[in-house]
Amino acid sequence: MAVRSTGIQAARIDPFGLFKKECENILAGAYARLRHDKGVALPKIDIASTLEDPPNEEFGHLASSISFELARVLKSKPMKVASDLSDEARKGEKFELVESVQPAEPGYLNFKANLPHLARLTLDAIGKAGPNYGLVIASTPQRIIVEHTSANPARPIHIGTSKNSIFGDTLARILKARGHMVQTHFYIDDTGRQVAQMAYGYKLLGEPAPSGKTDEFIGRVYSVTSTLVEIDENKRRLALLKKTNASDLDIVAVTKELDEWVGVAEELHSKYPEMFDALSELVSKEEDPQKSISQLIRRYEKGEQETKTLIRRVSQMVLAGFEETLRRARIHFDQWDWESEMLWTGRVAELLDRLKESGLARNRSGSWQLDAEKAVEDFGLREKLGLSPTFEVAPLTLTRSDGTSLYPTRDIAYTMYKFEWAERVINVIGVEQTLAQLQVKIAVYLLGHRKEAMNFIHFPIGLLVLEGQRMSARKGRYVTFDQLLDEAFLRAKQEVEKRSSDLPDEVKDRVAKRISMSAVRYAMLSVEASKSTNFVWDRALNFEANSAPFINYAYTRTLGILKKLGKFDRPGSFDKLNEPAEQNLILCLSRFPEIFTKSADELNPTLLCLYANQLAQRFHEFYEKSDISHVADTKLKLQRTSLVEASRTVLQTVAGLLGLELAERM
RNA sequence: GGGCCGGUAGUCGAGCCAGGACCAAGACGGCGGCCUGCGGAGCCGCAAAUCGUGGGUUCGAAUCCCACCCGGCCCGCCA
């Protein structure tokens, strides 16, 4: 029990944070005395905000720019103020983690850390807390739902969506580690047109047993069907236009659209000739495919048994494929929510009633619209939501004129559903949905759920374009997540083969699997989520510096040394680790709690990713410069070994947070 | 037409919200070194940036404000 409680306490220790706190106290004390001595009215200053990281270690480990601010009030030179403050500082509080305070041109106050002390604090904490080191628990844990991926179950998950999955999953891991209760949800958009088209095509084919991976098979059915339907529709429109003597402009536009789809059809035909010909034949015999599809949607919304069975069956097949793919990248969901349930349970209808009663919805020839702009003004949301005065919030159409609901409406109902359990809802969704997400937020607010609205967070994922071109699921132009993982695996396998040909093949496969999956995750996570990125194979599959293999390699090196040295007792002091590379590594380890906390609270997995890289880098430097197993000085050897073990522990923790799987051999 | 987001070496990309030592991190690519020691997927060094442009605020601007240019995205009875 005692051991456990020290472990828990050690998990809370933030060594660099303590150093920072001490700098703050010293500075606060010095400033208070200076205020007293000068007898001038000196302003209150937020000391912590003046502390920053110096550009390099010759300036110490933290620096304050407070003197610049004070110099103005005192009508003195910043350098003079800095040296006065450092004199005062030396008169006051005892230094523990702080080694020295020095004024420096043009007026900084530089704090050096007492490295042996910081090292002991850090390495002891890591030793005691082990895998929990740095995972500082939030003071007020929350129930959080992270919704992510939520791809239409009409085609396989492509690399664009995978970015969404990887960020969502990592976010959930980080928040869980921070002590929150986290649930990941997948929202199945089964009431939309895409799914209906897919089901329609599948039914036409006579509901065959899928060959190969289910989501790929159904994805082909969807692409081919929707293309054929699109061509059919455009042909009808063109005929109508010609009959009614429409303007040339309209005719040209439709002709262009038609040509485009014919081009897509040719592509699909060459890829899947058999399925294409079969469906083409079947669709051409249909009286009005578009109408049949709309009918399917209406029947499904009503919950008609036969349609329900069909659509659920096809959707399930695709979802099974999703799960299989996602499992390869260590992504799983706690809950799968069907959009149709929002309709069948009456949630959408109830929501519509409430919105109509709000006085902010208006009826336009049967179709209901929400005046989001007015809602913003009525509730003073412009300021609360940080919207600029020029930002115009477009109205939101809630229903078609036949009364059926639209996607955003169902999403509002779904959001309310999530808040029945969650205190915070994070939606990991593309940036292009920014406006739609804002409208959901506004709707939640105007219904009186103000706290919920404020805890409704859109985590935007920047667009991923494929070697310069935008991907199109409808046109069947995309690279699937599976293909990416496959390719990564092949490349990793080659590398493993090169280096560890002695391993049995199944071990090589396992290693290559871990390395490739981690490389893919890392490549996505290392660039900030909201940035749009151009997907380039060679960059996504980089195995050198700034990559998961680079981190894995550091880990492998720690294992090599520790295995060679066997069991050892943790030393009581760390006074011999004086090499710059050793000190840099210690400092890096001491900062982990701070980085983790920031990354969790600011919802920024990239921060941790960059940290992982830096830690690996620091370790590689240390490894090259310091001998470990063959030093004669046993004390030094022990201290270095301890540093290796601490590095291994933290590398493992960070990798776990990022969802990387480290291979013990590479 | 309106709005939102971005523009940092040849390329990719931190830093920007909370202005300070920025003659700007890191990586890829280029050039040159390092294996008789713990695995070279590593380490060390060199070259490479008008921080989109112009103005402003400030003792101080990549960072804040204004204008403009370029790129992306959004403004559907699609999802």
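Numbers restart at 1 for each chain; the letters A, B, ... are given by sequence-line order, proteins then strands.
Contact annotation for Thr533(A): backbone-only contact, meaning every heavy-atom pair under 4.0 Å involves sugar-phosphate atoms and none involves a base. Residue Thr390(A) is classed as a sugar-phosphate contact, given heavy-atom separations below 4.0 Å to backbone atoms only. Counting any heavy atom pair closer than 4.0 Å across all strands shown, Ala554(A) reaches no nucleic acid atom. Using a 4.0 Å heavy-atom distance criterion, Asn604(A) is classed as making no nucleic acid contact. Contacts of Ile561(A) with the nucleic acid, taken as non-hydrogen atoms under 4.0 Å apart, include base atoms. At the heavy-atom level, Gln617(A) lies under 4.0 Å from the strands shown only through sugar-phosphate atoms. At a threshold of 4.0 angstrom between heavy atoms, the contacts of Val527(A) are confined to the sugar-phosphate backbone, with no base atom among them. Using a 4.0 Å heavy-atom distance criterion, Ile628(A) is classed as a base contact. Val631(A) comes within 4.0 angstrom of nothing in the nucleic acid, heavy atoms only. Heavy atoms of Glu602(A) sit under 4.0 angstrom from at least one base atom. As judged by a 4.0 angstrom heavy-atom cut-off over every strand, Asp627(A) is placed among the base-contacting residues. Contact annotation for Ser626(A): base contact, defined as any heavy-atom pair under 4.0 Å involving a base atom. In this structure, Gln433(A) reaches the bases: a heavy-atom distance under 4.0 Å links it to at least one base atom across the strands shown. Residue-level contact check: Arg491(A) touches neither bases nor backbone, having no heavy atom under 4.0 Å from any strand.
Checked by atom type, the side-chain pair Gln437(A)/Asn427(A) shows a donor-acceptor distance below 3.5 Å. Residues Asn542(A) and Ser547(A) have side chains that never bring a donor and an acceptor to within less than 3.5 angstrom of each other. There is no side-chain donor-acceptor pair under 3.5 Å between Asp46(A) and Thr50(A). For the residue pair Tyr187(A) / Asp411(A), no side-chain donor-acceptor distance below 3.5 Å is found, with atom types taken as modelled.
One P atom belongs to C12(B), the other to C74(B), and the distance between them is 22 Å to the nearest Å. When the C1' atom is compared between A49(B) and C38(B), the two are found 39 Å apart, to the nearest whole Å. With C1' as the reference atom, C69(B) and U57(B) are 23 Å apart, rounded to whole Å. When the P atom is compared between G32(B) and C70(B), the two are found 42 Å apart, to the nearest whole Å. Look at the P atom in both C46(B) and A27(B): the space between them is 13 Å, to the nearest Å. Across A25(B) and C51(B), the matching P atoms stand 13 Å from one another, rounded to whole Å. Spacing between C68(B) and G2(B) at atom P, rounded to whole Å, works out to 10 Å. A gap of 14 Å separates the P atoms of U63(B) and U8(B), to the nearest Å.
Donor-acceptor pairing under 3.5 Å, judged by distance alone, is present between the side chain of Asn110(A) and the base of A21(B). Between the side chain of Thr434(A) and the base of C74(B), no donor-acceptor pair under 3.5 Å is found.
Whole-Å rounding puts the Ile442(A) CD1 to C75(B) P distance at 15 Å. The distance between atom CZ of Arg364(A) and atom P of G76(B), rounded to the nearest whole Å, is 13 Å. Atom NE2 of His630(A) and atom P of C38(B) are 6 Å apart (whole Å). Between the P atom of G42(B) and the NE2 atom of His620(A) lies a distance of 7 Å, rounded to the nearest Å.
Phosphate proximity of G37(B) to Lys564(A): absent, as no side-chain N or O sits under 4.0 Å from OP1 or OP2. In this structure, Gln437(A) does not reach the C74(B) phosphate: none of its side-chain N or O atoms is under 4.0 Å from OP1 or OP2. Dashed line: the shortest gap from a side-chain N or O of Ser388(A) to OP1 or OP2 of C4(B) is under 4.0 Å. Remark: Ser629(A) is not in phosphate contact with C38(B), judged by side-chain N or O atoms under 4.0 Å from OP1 or OP2. Considering only side-chain N and O atoms, Arg557(A) lies nowhere under 4.0 angstrom from the phosphate OP1 or OP2 of A41(B). Look at Tyr407(A) and you won't find any side-chain N or O under 4.0 angstrom from OP1 or OP2 of G76(B). Within the 4.0 Å cut-off from OP1 or OP2 of C59(B), not a single side-chain nitrogen or oxygen of Lys77(A) is found. Note on Arg400(A): every side-chain N or O is 4.0 Å or more away from OP1 and OP2 of G76(B).
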Salt bridge (Lys or Arg N to Asp or Glu O under 4.0 Å) between Glu373(A) and Arg382(A): does it pass, once the steps are laid out?
-> CA-CA 10 Å; Glu373(A) 177 77 32; Arg382(A) 205 164 278 284; 3.0 Å; yes

Could you walk me through whether Thr225(A) and Gln197(A) pass the side-chain hydrogen bond (donor to acceptor under 3.5 Å, both in side chains) test, one step at a time?
-> CA-CA 7 Å; Thr225(A) 307; Gln197(A) 281 181 334; over 6 Å; no

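Counting only distance, with no hydrogens or angles, the side chain of Ser315(A) and the backbone of Ile311(A) share a donor-acceptor pair below 3.5 Å.
Here Ile166(A) contributes atom CD1 and Thr149(A) contributes atom OG1; the two are 9.0 Å apart, rounded to the nearest 0.5 Å. Interatomic distance, CZ of Phe568(A) versus CG of Leu562(A), reported as 6.5 Å (0.5 Å rounding).
Remark: RNA chain B forms stems of 3 or more consecutive Watson-Crick or G-U wobble pairs, all pair distances under 3.5 Å, at B:1-7 with B:69-75, B:10-12 with B:26-28, B:30-34 with B:42-46, B:52-56 with B:64-68.
Around atom NZ of Lys374(A), no more than 12 heavy atoms belonging to other residues, nucleotides or ligands sit under 6.0 Å away.
Nearest-nucleotide mapping onto RNA chain B: of Asn613(A) and Pro55(A), the residue sitting toward the 5' end is Pro55(A). Comparing Thr556(A) and Ser367(A) by the nucleotide of RNA chain B whose heavy atom lies nearest to each, the residue mapping closer to the 5' end is Thr556(A).
Annotation: His620(A) is in aromatic contact with Tyr553(A) [ring centroid separation under 6.0 Å].
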